[in-house]
Amino acid sequence: MPGILRLVLGDQLTHDLAALRDIEPARDGVLMAEVAAEATYVRHHPKKIVFIFSAMRHFAAELAERGIAVTYVRLDDPGNTGSLTGEVARAVAREQPERVVVTEPGEWRLWAAMRDWESELGVPVELRDDARFFTTPRAFRTWADGRKSVRMAHFYQHMRKRTGYLMDANGKPEGGKYSFDPENREPVPRDVPSPPRHAVEPDATTREVLDIVEARFGHHFGTLDGFDFAVTAREAEAALEHFVQHALPAFGTYQDAMRQGDPVLFHARLAVYMNAGLLDPRHVCQRAQDAWEAGHAPLNAVEGFIRQILGWREYVRGIYWWRMPAYAETNALDAHRRLPEFYWTGETDMTCLRDVIGQTRSEAYAHHIQRLMVTGNFALLAGVHPALVNEWYLVVYADAYEWVELPNVHGMTLFADGGFLATKPYAASGKYIDRMSDYCRHCRYDPKKQLTEDACPFNALYWHFIDRNRGRLRGNPRMAFPLKTLDRMAPDKLAALRAHAERFLDSLTEAEPGAW
Ligand code: FAD
Ligand code: DLZ
Ligand code: SF4
């Protein structure tokens with residue numbers, strides 16, 4: 001070389017990435033590597049692996065078209081060491097660069113490994129801030145440190161003011177308030193049709209990757225049939241346009257709704273692209289604001305959508321880097337059950353769970369409320385150990401990286417951080433799922449019953465959860481109502497609910513850890 005070796009990871013597929021910013025094509029080179037370690041540190045859904053590898057190959061080709069020298073290591077190349085550390089070491093030995101430049105990775109485990117690279121490789125290693133977010137972990141920490149409350153709502157207001165999204169000329173939020181969340185909780189009426197699906201036909205590169213992944217990782221949870229993800233920035237842009245056109249106007253109203261057999265409904269299916277770098281979150285938020293300004297989408301939809309990206313997405317990343325690695329170790333509700341086997345097989349007569357797990361297996365996707373209130377709610381109520389639930393979510397979704405998965409699962413869904421992130425556990429009975437979906441109409445269980453053989457299991461599980469955690473939840477004002485109801489419950493009714501829930505839990509087959 002001896003220029004700079006610039007490493008681009010599989011979720012850093014952005015042309016103005018920090019590590020590429022000052023590249024001198026005549027001297028510097030880019031390294032990209034498909035490695036078994038990244039595909040198997042958890043056994044990712046095969047569709048996620050195809051998405052990453054195909055998007056990496058397309059991105060490398062785009063760099064080459066711009067005159068940049070790319071060393072691209074394919075999974076089956078002879079000599080592939082199987083790990084990122086091994087591939088960087090091989091490239092350093094071969095090219096003798098003056099230094100290595102990399103953008104900070106999205107996961108703590110890789111960041112921890114990179115800290116050792118300089119001494120292991122004997123060459124300077126520069127780790128640059130990832131500028132693809134609205135804020136940095138450092139700025140988040142500065143905002144959070146010393147505050148009495150680090151709730152998302154406060155952070156979101158701070159970000160709205162800082163960025164100016166949906167703010168009027170007087171510095172006030174458009175529509176007079178920062179959040180329209182209370183208007184975004186409608187079920188979808190039967191006569192409202194689902195929007196059309198955005199689908200990309202696999203090209204020759206994707207087809208080649210599909211074959212490789214089928215052969216190497218076909219035994220992982222999930223199917224490859226019908227792979228239709230975008231794999232380039234241009235295709236991801238078309239997915240954004242499709243969403244804005246067909247789904248954004250109703251995104252807000254039906255944000256919490258679920259419909260059997262419809263995996264996406266009015267959601268964007270864009271996290272997979274933003275998280276890998278194919279779409280810039282600033283551009284996505286701007287596009288949504290433009291749609292509101294043009295009168296194409298109402299404020300409750302556009303504010304709701306921007307809140308998810310400017311608010312939640314940035315907030316969970318801030319919490320992750322602020323609190324790791326200790327964050328992943330907490331188990332505030334002392335949950336120790338193993339994951340039921342049906343999370344991997346989909347074999348359960350509970351329609352909501354069967355539907356969500358089935359679509360997760362075929363799509364590597366479920367929308368937020370399915371993740372939170374169906375699979376997440378069940379794991380919370382059943383008291384499954386947080387590490388097993390975290391692993392499942394990291395495996396099964398194409399958009400899953402620990403920086404975003406962990407706070408959502410560990411904090412928001414399982415309350416395993418003791419309420420650091422969420423103001424209360426999102427525990428719900430079958431009544432909630434019945435109100436927000438049509439699952440119960442197609443279920444052998446009845447969401448209105450509690451103790452009969454055909455009673456929805458979520459109902460007894462809900463009271464079992466409140467009962468066994470009453471000491472921990474006492475004092476939380478948002479749990480006052482269920483605790484009061486529990487306190488007033490006749491002892492024989494409570495005993496019957498307890499017994500019903502325990503019989504149900506005892507009937508579950510548990511998955512052997514590591515078997516899937
Ligand atoms: P939409 O519903 O259309 O939302 C628009 C965008 O907002 C998303 O693309 C996403 O970038 C962002 N967003 C929405 N909610 C959140 C949130 N809570 N946290 C961060 N960003 C958010 N998101 C991931 O990107 N990766 C994960 O691994 C992940 N795991 C989750 C696990 C659980 C248990 C829960 C409850 C949520 C999880 N989320 C995760 C957040 C959210 O469910 C997904 O971002 C969303 O479902 C992705 O689909 P979409 O693009 O259609 O999102
Ligand atoms: C998810 C993933 C997979 C499956 N494979 C690779 C790979 O072979 N090479 C690579 O550079 N990145 C891959 N990735 C993305 C990384 O896992 C991701 O960069 C880290 O988890 C940090 O976010
Ligand atoms: Fe799910 Fe209960 Fe409704 Fe069946 S009745 S779909 S188990 S909430």
Side-chain angles (χ1 to χ4, degrees), residues 7-12 32-41 44 48-49 51-53 56 73 75 84 87 105-107 109-111 152 217 243 247-248 251 255 260 264-276 279 281 284 304-317 348-355 365-376 378-379 389 393-394 396-410 412-414 426 429-434 437-449 454-459:
L7 177 65
V8 175
L9 302 174
D11 56 351
Q12 297 182 338
M32 297 178 70
E34 296 170 4
V35 291
E38 290 305 307
T40 58
Y41 72 91
H44 297 291
K48 176 180 182 181
I49 305 177
F51 165 70
I52 292 285
F53 285 4
M56 284 174 71
V73 183
L75 187 74
L84 288 169
E87 284 316 290
E107 300 198 341
R109 69 181 169 88
L110 205 51
W111 180 80
M152 200 296 287
F217 310 110
F243 165 70
L248 177 62
F251 173 86
Q255 199 175 343
Q260 190 183 13
V264 185
L265 221 51
F266 293 90
H267 293 268
R269 208 166 67 124
L270 294 178
V272 58
Y273 308 134
M274 278 188 274
N275 295 353
L279 274 180
V284 174
F305 184 69
I306 289 179
R307 177 167 14 97
Q308 306 312 313
I309 297 170
L310 180 65
W312 279 109
R313 186 171 186 268
E314 295 286 322
Y315 173 76
V316 297
R317 180 169 179 262
T348 166
D349 51 9
M350 300 171 78
T351 299
C352 53
L353 282 156
R354 194 175 58 240
D355 188 79
Y365 176 83
H367 59 75
H368 184 70
I369 217 70
Q370 294 175 315
R371 298 185 201 197
L372 182 65
M373 300 310 293
V374 179
T375 41
F378 188 88
V389 188
Y393 277 97
L394 201 52
V396 303
Y397 292 117
D399 54 36
Y401 301 90
E402 202 186 56
W403 65 266
V404 56
E405 174 275 329
L406 187 78
N408 269 297
V409 175
H410 200 78
M412 188 188 301
T413 305
L414 299 179
Y426 281 93
S429 67
K431 210 160 87 185
Y432 175 87
I433 295 174
D434 189 28
S437 78
D438 59 356
Y439 289 135
C440 305
R441 262 187 265 142
H442 307 106
C443 188
R444 94 158 187 80
Y445 295 109
D446 185 338
K448 295 189 181 63
K449 294 186 179 162
D454 64 343
C456 169
F458 276 99
N459 293 338

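Atoms within each ligand, like the ligands themselves, are counted from 1 in listed order. In what follows, residues are counted from 1 in the order of the sequence shown.
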Engineer: Given Leu279, Val396, Val272, Ile309, which has its nearest heavy atom closest to atom 6 (C) of ligand 1?
Structural biologist: Ile309

Engineer: Just which atoms of ligand 1 are under 4.0 Å from any heavy atom in Met412?
Structural biologist: 18 (N)

Engineer: Between Phe243 and Phe305, does the ring centre distance come in under 6.0 Å?
Structural biologist: yes

Engineer: Give the contacting part of Arg109 toward ligand 2: side chain, backbone, both or neither, where contact means a heavy-atom distance below 4.0 Å.
Structural biologist: side chain

Engineer: Which is closest to atom 1 (C) of ligand 2 in terms of heavy atoms, Glu34, Lys48, Glu107?
Structural biologist: Lys48

Engineer: Tell me whether Tyr397 reaches ligand 1 (any heavy atom closer than 4.0 angstrom to a ligand atom).
Structural biologist: no

Engineer: With a distance cut-off below 6.0 Å to the six-membered ring centre and an angular limit of 45° from the axis, does Lys48 pair with Tyr401 as a cation-pi contact?
Structural biologist: yes

Engineer: Just let me know how Phe251 lines up against ligand 1, side chain, backbone, both or neither, with a heavy-atom cut-off below 4.0 Å.
Structural biologist: side chain

Engineer: Test of understanding: given a 4.0 Å heavy-atom threshold, classify the contact between Leu75 and ligand 2 as side chain, backbone, both, or neither.
Structural biologist: neither

Engineer: Should Leu353 and Tyr439 count as side-chain neighbours, where that means a heavy-atom distance under 4.5 Å?
Structural biologist: no

Engineer: Taking 4.0 Å as the limit for heavy-atom contacts, which would you say applies to Cys440 with ligand 3: side chain only, backbone only, both, or neither?
Structural biologist: both

Engineer: Look at atom 14 (N) of ligand 2 and find which of Leu7, Thr40, Ile52 reaches it with the closest heavy atom.
Structural biologist: Ile52

Engineer: Give the residue and atom name of whichever protein heavy atom lies nearest to atom 10 (C) of ligand 2, and the separation in Å to one decimal.
Structural biologist: Gly10 N, 3.4 Å

Engineer: Short check: any N/O/S atom of Cys456 below 2.8 Å from atom 1 (Fe) of ligand 3?
Structural biologist: no

Engineer: State yes or no: are the ring centers of Phe458 and Phe378 separated by less than 6.0 Å?
Structural biologist: yes

Engineer: Compute the minimum heavy-atom distance from Pro407 to ligand 1 and say whether it is under 4.0 Å.
Structural biologist: no

Engineer: Which atoms of ligand 1 are found less than 4.0 Å from any heavy atom of Ala366?
Structural biologist: 47 (O)

Engineer: Who's the nearest protein heavy-atom neighbour of atom 4 (Fe) of ligand 3, and how far?
Structural biologist: Cys443 SG, 2.3 Å

Engineer: Within the 4.0 Å heavy-atom shell around Tyr445, which atoms of ligand 3 are there?
Structural biologist: 5 (S)

Engineer: Would you mind telling me if ligand 1 is within reach of the side chain of Asn275, the backbone, both or neither, using heavy atoms under 4.0 Å?
Structural biologist: side chain

Engineer: Could you list the atoms of ligand 1 found under 4.0 angstrom from a heavy atom of Phe305?
Structural biologist: 5 (C)

Engineer: Can you tell which of Gln255, His267, Gln308 gets a heavy atom nearest to atom 1 (P) of ligand 1?
Structural biologist: His267

Engineer: Side chain or backbone of Asp399 under 4.0 Å from ligand 1, or both, or neither, by non-hydrogen atoms?
Structural biologist: both

Engineer: Backbone, side chain, both or neither: what part of Tyr365 comes under 4.0 angstrom of ligand 1, heavy atoms only?
Structural biologist: side chain

Engineer: Output the distance between atom CG (Leu7) and atom CG (Leu84), rounded to the nearest 0.5 Å.
Structural biologist: 6.5 Å

Engineer: Give a yes or no answer on whether the side chain of Glu107 reaches the backbone of Glu402 with a donor-acceptor pair at less than 3.5 Å.
Structural biologist: yes

Engineer: Tyr365 ring centre to Arg371 NZ or CZ under 6.0 Å, with the angle to the axis within 45°?
Structural biologist: yes

Engineer: Taking NZ, NE, NH1 and NH2 as the nitrogens, is one of them in Glu38 or Arg109 under 4.0 Å from a carboxylate oxygen of the other?
Structural biologist: yes

Engineer: Should you measure from each heavy atom of Arg313, which atoms of ligand 1 turn up under 4.0 Å away?
Structural biologist: 11 (O), 20 (C), 21 (N)

Engineer: Is there a donor-acceptor contact under 3.5 Å linking the side chains of Tyr393 and Thr413?
Structural biologist: no

Engineer: Quick check on contacts: which atoms of ligand 1 are under 4.0 angstrom from a heavy atom of Thr413?
Structural biologist: 34 (C), 36 (C)

Engineer: Starting from atom 9 (N) of ligand 2, find the nearest protein heavy-atom neighbour and note its residue, name and distance.
Structural biologist: Ala33 O, 2.7 Å

Engineer: Check each atom of ligand 1 against the heavy atoms of Val404 and keep those under 4.0 Å away; list them by number with element.
Structural biologist: 20 (C), 23 (N), 24 (C), 25 (O), 26 (N), 27 (C)

Engineer: For ligand 3, which atoms sit closer than 4.0 Å to a heavy atom of Tyr439?
Structural biologist: 6 (S)

Engineer: Are Phe217 and His44 an aromatic pair by the rule of ring centers under 6.0 Å?
Structural biologist: no

Engineer: Considering only the protein, which heavy-atom contact is closest to atom 6 (S) of ligand 3, and what is its distance?
Structural biologist: Cys352 N, 3.5 Å

Engineer: Counting only heavy atoms, which portion of Phe53 has something under 4.0 Å from ligand 2: side chain, backbone, both, or neither?
Structural biologist: side chain

Engineer: Give me the nearest non-hydrogen protein atom to atom 22 (C) of ligand 2 as residue plus atom name, then the distance to 0.1 Å.
Structural biologist: Gly106 N, 3.5 Å

Engineer: State plainly whether the residues Arg354 and Asp349 are in salt-bridge range, i.e. N to O under 4.0 Å.
Structural biologist: no

